[in-house]
Amino acid sequence: MKIKPANPKGVKDLLPREMARRNYILDKLREIFSKYAYQNIQTPAFERLDTLMGKYGEDEKLLFKILNSGEYLHDETVQTLLKSEIYDAKEITPKIATKGLRYDLTVPLARYVAQHQNDLSFPFKRFQIGAVWRADRPQKGRFQEFTQCDIDIVGSKTNLHEIEILYIINDFIQEIGLKAKVHINDRKIFDAIGQLLKLDDSQKKQISILIDKKEKISAESYSNELTEILANEKDFEDNTKFNNFIDIMNSTTIDDLIQKGIPKEATESLQFILENAPNPELIQFDLHLVRGLDYYTGTVFELKPIDINIGSIGGGGRYDDLTSLFGLERMNGIGFSFGLERIEFCLDQKEIFEFKSSNMIRIIILHLIENTKELISLRKNILENASKNLIIDIYPEKSKLDKQFQYADKNKFDYALIYGDSEQKQGKINIKNLKTFQQETLNLDDLTKFINKNI
RNA sequence: GAGGUCGUAGCUCAGCUGGUAGAGCAGCGGAUUGUGGUUCCGCAGGCCGCGGGUUCAAGCCCCGUCGUCCUCCCCA
């Protein structure tokens with residue numbers, strides 16, 4: 001039976017040239033992360049479900065769960081559940097799935113830190129690059145498997161880290177030549193607004209969703225929705241509440257906020273960060289930035305490209321208590337995650353992928369004689385003795401010359417070595433520059449010398 | 001989770017109001033017996049995503065399913 005070659009939904013294969021681009025981006029990120037003293041770690045692709053559950057809020061349903069292996073279906077409770085008329089996924093799921101694919105790299109980090117606390121020294125700065133999985137419906141810039149490039153600092157409260165992260169972002173986008181802005185806010189400010197206006201938890205939740213999408217909806221539906229959220233109690237106060245809220249949200253500076261009654265404590269860390277940011281052009285104070293992930297408690301930021309419609313290409317924030325869920329108290333964390341696929345998309349759009357063809361020189365040995373061994377040892381000889389960075393391929397079989405040249409052409413070789421029966425007899429070899437079409441005949445023994453000197 | 005779009009040769013796509021498939025590119029062979037980005041000629045390549053239904057007849061219509069791309073929600 002023939003099986004149709006196709007990927008499952010939402011995942012992609014990568015062609016060599018796509019992989020080359022990714023590596024271009026990843027090399028830059030790794031270099032910058034390392035330069036700022038972050039250490040590389042790795043965690044498994046899947047985690048215990050209890051590690052993952054309860055940390056992502058609404059999006060929890062996007063977790064990929066892994067069916068248990070073995071005889072779990074014979075378990076009595078599962079049998080009862082399966083036979084019962086009442087089908088309740090909430091009851092069955094934990095019986096048949098106890099593992100899940102990681103949803104991000106932050107929660108696994110919290111687990112990792114709690115688990116290995118004795119082997120780590122704090123503050124712990126780490127970077128991690130890896131795939132994460134979300135059972136989302138795919139669309140532009142959104143996949144079920146994608147790569148996050150994370151930096152996090154665990155075990156330090158100071159806002160120096162926010163500033164450091166901003167420096168890293170700045171370095172990176174300059175390095176790759178991308179125009180983007182970091183939107184920044186602090187959840188403490190939103191909480192303070194809530195307190196000031198005496199909003200209850202459900203109102204806060206609804207409003208946070210609303211302000212997050214303010215840019216996308218009309219002013220009219222914004223104020224309609226806002227009225228609806230605020231006006232579920234009958235008193236006249238609601239109207240002033242509405243006006244107060246609008247007034248506060250229109251603030252463009254921290255001073256503005258303080259004047260409107262937001263306590264200093266809520267704003268001072270953001271103030272400090274803004275004052276010390278690397279590049280004022282880069283940063284935008286954005287009161288409407290919320291971010292959905294439940295675990296953030298302080299600074300939040302999002303990196304958005306200018307003129308490219310792809311959403312954010314990175315995001316992060318401060319989470320004050322993530323490790324306490326794993327029994328490690330009073331461990332503050334802050335991190336940021338770059339989304340590899342979306343960065344790739346941006347570079348693609350802007351056509352700024354002129355990654356200098358590496359300084360490797362590509363040589364192909366054409367296959368014109370029966371004795372393959374001689375070609376293999378020719379390659380070995382050159383690789384061992386040449387002082388240049390060479391990539392050397394041997395055409396796999398003896399065949400027509402023009403075919404071999406076509407292969408060389410398509411694979412962008414720089415030089416071809418022509419060594420056939422006549423050269424073999426005379427102890428010569430031809431080296432042809434495939435860009436200039438120029439060809440030279442050398443003594444076989446002089447080949448390495450020639451390569452070192454002339455190419 | 002809601003809505004839309006598309007699925008035909010390796011790739012990009014045509015295929016009329018239903019009458020059992022076509023182009024370009026790529027591949028292979030030749031013109032050209034050891035010199036590549038051009039040209040010309042030829043060859044091969046298809047469960048028309050999969051399953052069911054309607055019909056004398058389905059690539060085309062209907063239902064389901066898998067996948068693609070996109071919008072909303074949310075997010076990297």
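All values below come from the heavy atoms of this structure, side chains included, with hydrogens, waters and symmetry mates left out. Below, chain A is the first sequence line, B the second, and so on; all start at residue 1.
Aromatic ring pairs are classed by plane angle as parallel below 30°, tilted from 30° to 60° and perpendicular above 60°; the pair F172(A) and F338(A) is perpendicular. By the 30° and 60° cut-offs, the orientation of the rings of F301(A) relative to F336(A) is perpendicular. The aromatic rings of Y407(A) and Y395(A) stand perpendicular to each other, their planes meeting at an angle above 60°, with 30° marking the opposite boundary.
Nucleotides U38(B) and A26(B), compared at atom P, are 8 Å apart to the nearest Å. Separating the P atom of G46(B) from that of U8(B) is a span of 15 Å, rounded to the nearest Å. Comparing the same atom, P, in C69(B) and in C16(B) gives a spacing of 26 Å after rounding to whole Å. Rounded to whole Å, the P atom of G67(B) lies 24 Å from the corresponding atom of A76(B). Nucleotides G45(B) and A23(B) are separated by 14 Å at their C1' atoms, to the nearest Å. Spacing between G49(B) and A21(B) at atom P, rounded to whole Å, works out to 14 Å. Across U12(B) and G27(B), the matching C1' atoms stand 16 Å from one another, rounded to whole Å. As rounded to the nearest Å, U68(B) and C11(B) have C1' atoms that lie 16 Å from one another.
Nucleotide C72(B): paired with G1(B) (Watson-Crick or G-U wobble, both distances less than 3.5 Å). Across all strands shown, A58(B) has no partner, as no Watson-Crick or G-U wobble contact with both distances under 3.5 Å is found. In this structure, G7(B) and C66(B) make a Watson-Crick or G-U wobble pair, each of the two defining distances being under 3.5 angstrom. Remark: U20(B) base-pairs with no nucleotide in the shown strands. Criterion, Watson-Crick or G-U wobble with two distances under 3.5 Å. Base pairing of G42(B): its partner is C28(B), meeting the Watson-Crick or G-U wobble criterion (both donor-acceptor distances under 3.5 Å). Base pairing annotation: U35(B) forms no Watson-Crick or G-U wobble pair, as no partner gives both donor-acceptor distances under 3.5 Å.
Residue whose closest nucleotide on RNA chain B sits further toward the 5' end, between V11(A) and L210(A): V11(A).
The aromatic ring of F338(A) is not stacked on the base of A76(B), since the criterion of ring centres less than 5.5 Å apart with planes inclined by under 30° is not met. Here F437(A) lies parallel enough and close enough to stack on the base of G36(B), with planes under 30° and ring centres under 5.5 Å apart.
In summary, the side chains of N68(A) and T98(A) do present a donor paired with an acceptor at a separation below 3.5 Å, with no hydrogens or angles considered. For the 3.5 Å distance criterion, the side chains of R111(A) and T323(A) fail to qualify, holding no donor opposite an acceptor. A donor-acceptor pair shorter than 3.5 Å cannot be found between the side chains of N433(A) and Q439(A).
D286(A) contributes no side-chain N or O that, together with a main-chain N or O of N185(A), makes up a donor-acceptor pair within less than 3.5 Å. At least one donor-acceptor pair closer than 3.5 Å links the side chain of R102(A) to the backbone N or O of A131(A).
When heavy atoms are screened at a 4.0 angstrom cut-off, S312(A) is found touching the sugar-phosphate backbone but no base atom. When heavy atoms are screened at a 4.0 angstrom cut-off, L303(A) is found touching no nucleic acid atom at all. E423(A) comes within contact range of at least one nucleobase, with a heavy-atom separation under 4.0 Å. The residue I418(A) sits close to a base: some heavy atom pair falls under 4.0 Å. Looking at heavy-atom distances under 4.0 Å, D421(A) makes contact with a base. Nucleic acid contact class of S422(A) (heavy atoms, under 4.0 Å, all strands): base. Residue Q439(A) is classed as a base contact, given a heavy-atom separation below 4.0 Å to a base. Y407(A) comes within 4.0 angstrom of nothing in the nucleic acid, heavy atoms only. Here G316(A) lies out of heavy-atom contact (under 4.0 Å) with every strand. Base contact: G420(A) has a heavy atom under 4.0 Å from a base atom.
Atom NZ in K403(A) sits roughly 5 Å away from atom P in C28(B) (whole-Å rounding). The distance from atom NZ of K412(A) to atom C1' of G37(B) is 11 Å, rounded to the nearest whole Å. Atom CG in L289(A) sits roughly 10 Å away from atom P in C75(B) (whole-Å rounding). F301(A) places its CZ atom 17 Å from the P atom of C75(B), with the value rounded to the nearest Å. Summarising the geometry, the separation between NZ on K398(A) and P on U35(B) is reported as 14 Å, rounded to the nearest angstrom. In this structure, the CD atom of Q406(A) is 13 Å from the C1' atom of U39(B), given to the nearest Å. Rounded to an integer number of Å, the gap from CG of D414(A) to P of G36(B) is 19 Å. Atom CG in N309(A) sits roughly 14 Å away from atom C1' in A76(B) (whole-Å rounding).
Out of A76(B), G34(B), C75(B), the shortest distance to the side chain of N430(A) is found at G34(B). Checked against G36(B), A76(B), G34(B), the side chain of Q148(A) finds its nearest nucleotide in A76(B). Closest contact between the side chain of R142(A) and the listed nucleotides U68(B), G36(B), C74(B) involves C74(B). In this structure, the nucleotide among G34(B), C74(B), C70(B) sitting nearest to the side chain of K140(A) is C70(B). Counting only heavy atoms from C-beta on, D409(A) has its side chain closest to G36(B) among G67(B), C70(B), G36(B).
Taking only side-chain nitrogens and oxygens, Q139(A) comes nearer than 4.0 Å to OP1 or OP2 of U71(B). Dashed line: the shortest gap from a side-chain N or O of K400(A) to OP1 or OP2 of U35(B) is not under 4.0 Å. Residue R342(A) places no side-chain N or O under 4.0 Å from the OP1 or OP2 atom of C75(B).
F405(A) carries K432(A) over the face of its six-membered ring, with the cationic atom under 6.0 Å from the centre and within 45° of the normal. The cationic group of R30(A) does not satisfy the cation-pi geometry with F127(A), failing either the under 6.0 Å distance to the six-membered ring centre or the 45° limit from the ring axis.
Atom CD of Q195(A) sits in a sparse spot, with 12 or fewer heavy atoms from other residues, nucleotides or ligands closer than 6.0 Å.
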Under 3.5 Å, which N/O atoms of the protein pair with N/O atoms of nucleotides 4-8 of chain B?
none

